[in-house]
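The next block holds one structure in the form of structure tokens; read it before the comments.
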Amino acid sequence: MDNIVSLNEISVGFEPSSPPVMEGVSLHVDRGEFVVVCGVSGVGKSSLLRVVCGLLEPRAGSVEVSAAAGASGSRPFGFVFQEPRLFPWRRVQANVELGLEELDLDKSERHERALQALQLVGLGELGRRFPGQLSGGQRQRVGIARALAVRPSLLLMDEPFSSLDAVTRRTLQHELLSIWASTDASVLFVTHDIEEAAFLADRIVLLAGTPAHVVKEYRITDQRPRSTEDAGFQSTVRTVRADLHSFQSNSL
Amino acid sequence: MNSLTPHSTRTRPGKLRASGKLRTWLLGLGGLLAFLAAWELLARSGVVSGALIPRPSDIPGTLLAEIQRGIWQRMVASSLRHYGLGLAIGTVLGMALGLFVALVPILEDLQAWIVRVLRPIPPLAWIPFAIIWFGITERSAAFIISIGVFWINYFATSGAVRSVDKSLIEVSRVFGHERFFARLRKVILPAAAPGMLVGLRTSLGQGWMTVVAAELFGISGIGQRMMEASGLLAIDVVAVYMVTIALLYGLTDLVFVSIERVTLKWTTL
Ligand SMILES: Nc1ncnc2c1ncn2[C@@H]1O[C@H](COP(=O)(O)OP(=O)(O)OP(=O)(O)O)[C@@H](O)[C@H]1O
Ligand SMILES: [Mg+2]
């Protein structure tokens, strides 16, 4: 199939003298696929996303990205960071326009696209505020809007919903799935919440061990929208949870 | 009871804030007046000789005389020129070099000892060099003023730029601002602005402090007039120019703060 990104046997380390935090990780995302990476805290999920979009140079291995072949008026990557990471000196609207400024769009198009993205996350009214005037969850949603506004070929999301309440989280999960379904974007999504993974993913990739590597992958073919009541959903959650526990206790 | 409490707490903060501001003003004014009154009393009581301290009540008359003779306007105008020029040169160079050093890692080590050697030299110690380089000219005065201003801005800017949040720079890279100047304009400068402006504000005061010294060696201005007057033991004239400097500083600082309040609104949220 047609890969949008593929990591081959990459290894990641920070200090040259210390052992790598990740070794021999291979991961690919097909065009249009929704891949969720799961693993415990500190295993290397955020680092993996940073490798994918070129913010972090792997020690070994290769990164191939064909995401650049996006349409004009869109960016290869949209990144939702684990923290909101907004520019405090910009109003919400201008924060969302950040990724549009280097695209070939005129001012009114930029404005329109940013507004649309803000409406998607339920913040259409707050464009004139500064980030300092928002709640923590609202800030996180502005970060999501900023990534959606660039209509990325590959959407990288690092625990984007973990600071939100259950109701808002569920709404945004549905929203995300419908955006994803209506475009040809691919998603690489990080979470430590197995239920969230089972709700969203085409494929779950389990990261564990020290140094971390891909210990298991699960292909999920259940129809969407999924429900926590479904037998398929429940069995996925049970299996992944049991595996995560066993891999994690093995590595200790 | 329960319904009363929220009501009273809802109305109070607004009132408190308004009257609190007025109170601060009144207290500040009261303090100043009390200080002047105590000074006046001390001077009149004869405890201290009138030749040693001027009386506050003499100052308006002396000021008026200076203005009528046109001296005050001339001195203030030329000091403002020295101040403006020195401030501009020191600020531009200080900010530019501070930015440069913070952005280019090897400069950090290269500059360390140069700075340690030059920094402790007081601006006044440069007077002989100023005279040799520029003569007894306005440029000399501006040069001396610019030295103190330069260092303050240099340290403030390099510190502020160095502590810009790296994670925001990552954001700008992911979202397509790959070119250095785009990053400078969109992340580094706005993020460093509050720290840089603290430096600028500090140097506004430092600049006025050196104006007087920079004019002591014959360049016309407030400093020169004060020297003249003190030679004649005209302490009331000296006091008039002390007050003048205080007012000019207060004015520059007030203008600065009101500009800052608009442009850096986001820092107070
Ligand atoms: N800049 C850094 N320097 C040194 N070590 C780092 C750095 N960034 C991350 N690490 C280490 O690399 C490992 C992986 O970090 P990473 O942030 O990728 O974890 P994570 O899986 O995203 O965790 P979490 O779920 O808590 O966000 C951790 O052990 C962390 O301490
Ligand atoms: Mg993380």
Side-chain angles (χ1 to χ4, degrees), chain A residues 46-47 49-56 67-68 70 73-92 94-105 110 114 128-134 139 142-143 145-152 154-158, chain B residues 13-14 17 95 98-99 102-103 105-106 156-201 256-269:
Chain A
S46 298
S47 306
L49 291 192
R50 295 178 63 218
V51 167
V52 168
C53 67
L55 287 176
L56 185 60
S74 79
R75 298 208 61 83
F77 303 111
F79 203 133
V80 182
F81 297 89
Q82 196 165 356
E83 328 78 44
R85 294 202 192 178
L86 305 179
F87 290 3
W89 55 86
R90 286 185 178 218
R91 293 180 194 274
V92 164
N95 261 289
V96 177
E97 287 178 18
L98 180 75
L100 306 174
E101 287 162 2
E102 296 283 308
L103 296 176
D104 191 19
L105 298 171
R110 280 211 304 261
R128 295 284 305 156
R129 295 225 190 144
F130 284 100
Q133 297 168 311
L134 299 181
R139 270 176 233 162
V142 175
R146 178 174 64 189
L148 293 177
V150 303
R151 305 199 176 141
L154 177 61
L155 185 55
L156 301 165
M157 305 183 90
D158 194 351
Chain B
R17 219 178 305 127
M95 285 186 173
L99 180 71
L103 290 176
I106 64 159
T157 300
S158 60
V161 170
R162 240 176 257 128
S163 55
V164 170
D165 188 351
K166 300 290 173 296
S167 72
L168 295 186
I169 295 180
E170 271 193 7
V171 172
S172 74
R173 285 181 55 195
V174 170
F175 285 101
H177 302 284
E178 289 290 346
R179 286 168 306 124
F180 169 75
F181 279 104
R183 236 176 302 143
L184 183 67
R185 199 160 57 84
K186 298 206 165 158
V187 192
I188 297 172
L189 288 179
M196 291 168 72
L197 290 184
V198 169
L200 181 55
R201 187 175 178 189
F256 180 87
V257 169
S258 44
I259 293 173
E260 192 184 44
R261 194 174 300 139
V262 178
T263 54
L264 291 187
K265 180 164 174 262
W266 61 273
T267 55
T268 57
L269 301 172

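Residue numbers begin at 1 in each chain, while the letters A, B, ... track the order of the sequences. This structure is a prediction, so every number in the text was calculated from the model and none was measured. Worth knowing before you read on, the calculation uses all heavy atoms, side chains too, and leaves out hydrogens, waters and symmetry mates.
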Chain B heavy atoms under 4.5 Å from L86(A): which part of the residue, side chain, backbone, both or neither?
backbone
Under 3.5 Å, side chain of H177(B) to main-chain N/O of E101(A), donor-acceptor pair present?
no
Please determine whether the number of non-hydrogen atoms from other residues, nucleotides or ligands lying under 6.0 Å from atom CZ of F181(B) exceeds 12.
no
Option in C53(A), G132(A), G99(A) with maximal non-hydrogen atom pairs under 4.5 Å from chain B
G99(A)
State, to 0.1 Å, how close P88(A) and W266(B) come at their nearest heavy-atom pair, and which atoms those are.
O-CB, 3.3 Å
Report yes if the side chains of R179(B) and E102(A) come closer than 4.5 Å at any heavy-atom pair, otherwise no.
yes
With a 4.5 Å cut-off on heavy-atom pairs, point out which of V171(B), T263(B), T267(B) contacts chain A the most.
V171(B)
Indicate yes or no: at least one non-hydrogen side-chain atom of F81(A) is less than 4.5 angstrom from one of E170(B).
yes
Beyond-backbone contact of S172(B) with F87(A), side-chain heavy atoms, under 4.5 angstrom
yes
Kindly check if the number of other-residue, nucleotide or ligand heavy atoms within 6.0 Å of CZ (R185(B)) is above 12?
no
Indicate the atoms forming the closest heavy-atom contact of F79(A) with F175(B), along with that distance.
O-CZ, 3.5 Å
Honestly, the part of R146(A) sitting under 4.5 Å from a heavy atom of chain B is both
Looking at K186(B), K265(B), R173(B), which has the largest count of heavy-atom pairs under 4.5 Å with chain A?
K186(B)
So for A191(B), is it side chain, backbone, both, or neither that comes closer than 4.5 Å to the heavy atoms of chain A?
both
Who among R85(A), R91(A), R90(A), Q133(A) has the most heavy-atom pairs with chain B under 4.5 Å?
R85(A)
